[in-house]
Amino acid sequence: MGRISITGADATCDLLLVVLSDTLAQNLRAFVARLREAVEQVGFHPWLLSSAESSSTPLAGCGFPLQKAAPAFWEDARLTYGKLVDLIAIFDAKMGPFVILSFFQNGAYFCNTLTYILGFRPTNSSGNSTNLIFVAVRLFFVSLFTTNVHQEWLGLKLVLSNVPTESYSNAVLRFHSQVCSENVALTGLGVFSLTRQFLLSVVGFLTTFETILVQLGRH
């Protein structure tokens, strides 16, 4: 009964990380999509921006007034970006311990159970196989959704890099410089950042750790 309660608490913690991380990633994704539409559909042509007739015409599919494609548009975008980063920082500060707990506990349990299944220790193979799959799925989804925040931020850097030269004003430069000077990602209490590169490091560590356990089991 105690083991079931602990497993249920772990699963709830992982589910919370997945839901909140996905919410943050979706907010960033929507923000980046609107900037991308502004860059791709309008092109920010200077003659178009200075046209008095079009100053109150909405951008097609974007929802921004056309005059906002001027420096005021980029200043608004920069301020909105700052609010999103602040929101991510608040979440990161509150959930950092749970991130560390999730990766450490799921990773350790995965390696330990796999060692049992390989036959080096007596165990209920079918029961452990089910638990192993369950933990592996949890670890996969937590890793995927928590790293999506960083992936969406990388998309923002790409959009800003694609702003046409004739529209690259001081406001765009300020926004671009701010984005490039930061590294937006969820972390484990600042010890590590949850990026796709970090996941490769985790896979390498788990493989090495499992190899050590297998060698010890043979002896």
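Keep in mind it's a predicted model, so treat the numbers as computed, not measured.
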With sequence neighbours excluded, tell me which residues meet salt bridge (Lys or Arg N to Asp or Glu O under 4.0 Å) with Arg78.
Glu75

Answer yes if [X] and [Y] sit in the same cluster of Ile, Leu, Val, Met, Phe, Trp and Tyr residues linked by side chain heavy atoms under 4.5 Å apart, and no otherwise.
{"X": "Val135", "Y": "Phe104", "answer": "no"}
{"X": "Phe192", "Y": "Phe140", "answer": "yes"}
{"X": "Leu189", "Y": "Val149", "answer": "yes"}
{"X": "Leu87", "Y": "Val179", "answer": "yes"}
{"X": "Val191", "Y": "Val202", "answer": "yes"}

So [Y] and [X], do their side chains get closer than 4.5 Å, heavy atoms only?
{"X": "Leu28", "Y": "Ile88", "result": "yes"}
{"X": "Phe31", "Y": "Leu84", "result": "yes"}
{"X": "Val142", "Y": "Leu15", "result": "no"}
{"X": "Thr195", "Y": "Gln151", "result": "no"}
{"X": "Trp153", "Y": "Val32", "result": "no"}
{"X": "Ser143", "Y": "Phe198", "result": "no"}
{"X": "Leu199", "Y": "Leu194", "result": "no"}
{"X": "Arg196", "Y": "Leu144", "result": "yes"}

What do you reckon, is [atom1] of [X] surrounded by more than 12 foreign heavy atoms closer than 6.0 Å?
{"X": "Phe91", "atom1": "CZ", "value": "yes"}
{"X": "Phe98", "atom1": "CZ", "value": "no"}
{"X": "Asn170", "atom1": "CG", "value": "no"}

In terms of side-chain heavy atoms, does Glu152 have a donor or acceptor partner in Asn148 at a distance below 3.5 Å?
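Distance-only check fails for Glu152 and Asn148.
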
Plane angle bin for Trp74 and Phe175 - parallel if under 30°, tilted between 30 and 60°, otherwise perpendicular
tilted

May I ask you to decide if Arg174's main-chain N or O and Ser177's side chain share a donor-acceptor pair within less than 3.5 Å?
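Checking the backbone N and O of Arg174 against the side chain of Ser177, no donor-acceptor pair under 3.5 Å is found.
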
Expected output: side-chain Ser102 to main-chain Val99 donor-acceptor under 3.5 Å
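No, Ser102 side chain to Val99 backbone: no donor-acceptor pair under 3.5 Å.
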
For the student: nearest non-hydrogen atoms of Gly190 and Thr187, plus distance:
N-OG1, 3.1 Å

I need the [X] [atom1] to [Y] [atom2] distance, nearest 0.5 Å.
{"X": "Ser21", "Y": "Gln26", "atom1": "OG", "atom2": "CD", "answer": "11.5 Å"}
{"X": "Leu20", "Y": "Thr146", "atom1": "CG", "atom2": "OG1", "answer": "11.5 Å"}
{"X": "Met95", "Y": "Leu17", "atom1": "CE", "atom2": "CG", "answer": "4.5 Å"}

Using the side-chain contact (heavy atoms from CB on, under 4.5 Å) rule, take His150 and Val184 through it: C-alpha gap first, then chi angles, then the decisive distance, then the call.
CA-CA 6 Å; His150 181 71; Val184 178; 5.8 Å; no

Applying side-chain contact (heavy atoms from CB on, under 4.5 Å) to Val18 and Arg138, what does each step give before you reach the verdict?
CA-CA 9 Å; Val18 167; Arg138 276 168 44 188; over 6 Å; no

Intermediate values then yes/no, side-chain contact (heavy atoms from CB on, under 4.5 Å), Leu24 and Leu186:
CA-CA 10 Å; Leu24 294 174; Leu186 299 177; 4.2 Å; yes

Show which side-chain atoms of residues 156-163 pair as donor or acceptor with protein atoms under 3.5 Å away, not counting sequence neighbours.
unit_1 : atom_1 : unit_2 : atom_2 : d
Ser161 : OG     : Lys157 : O      : 2.9
Asn162 : ND2    : Leu158 : O      : 3.2

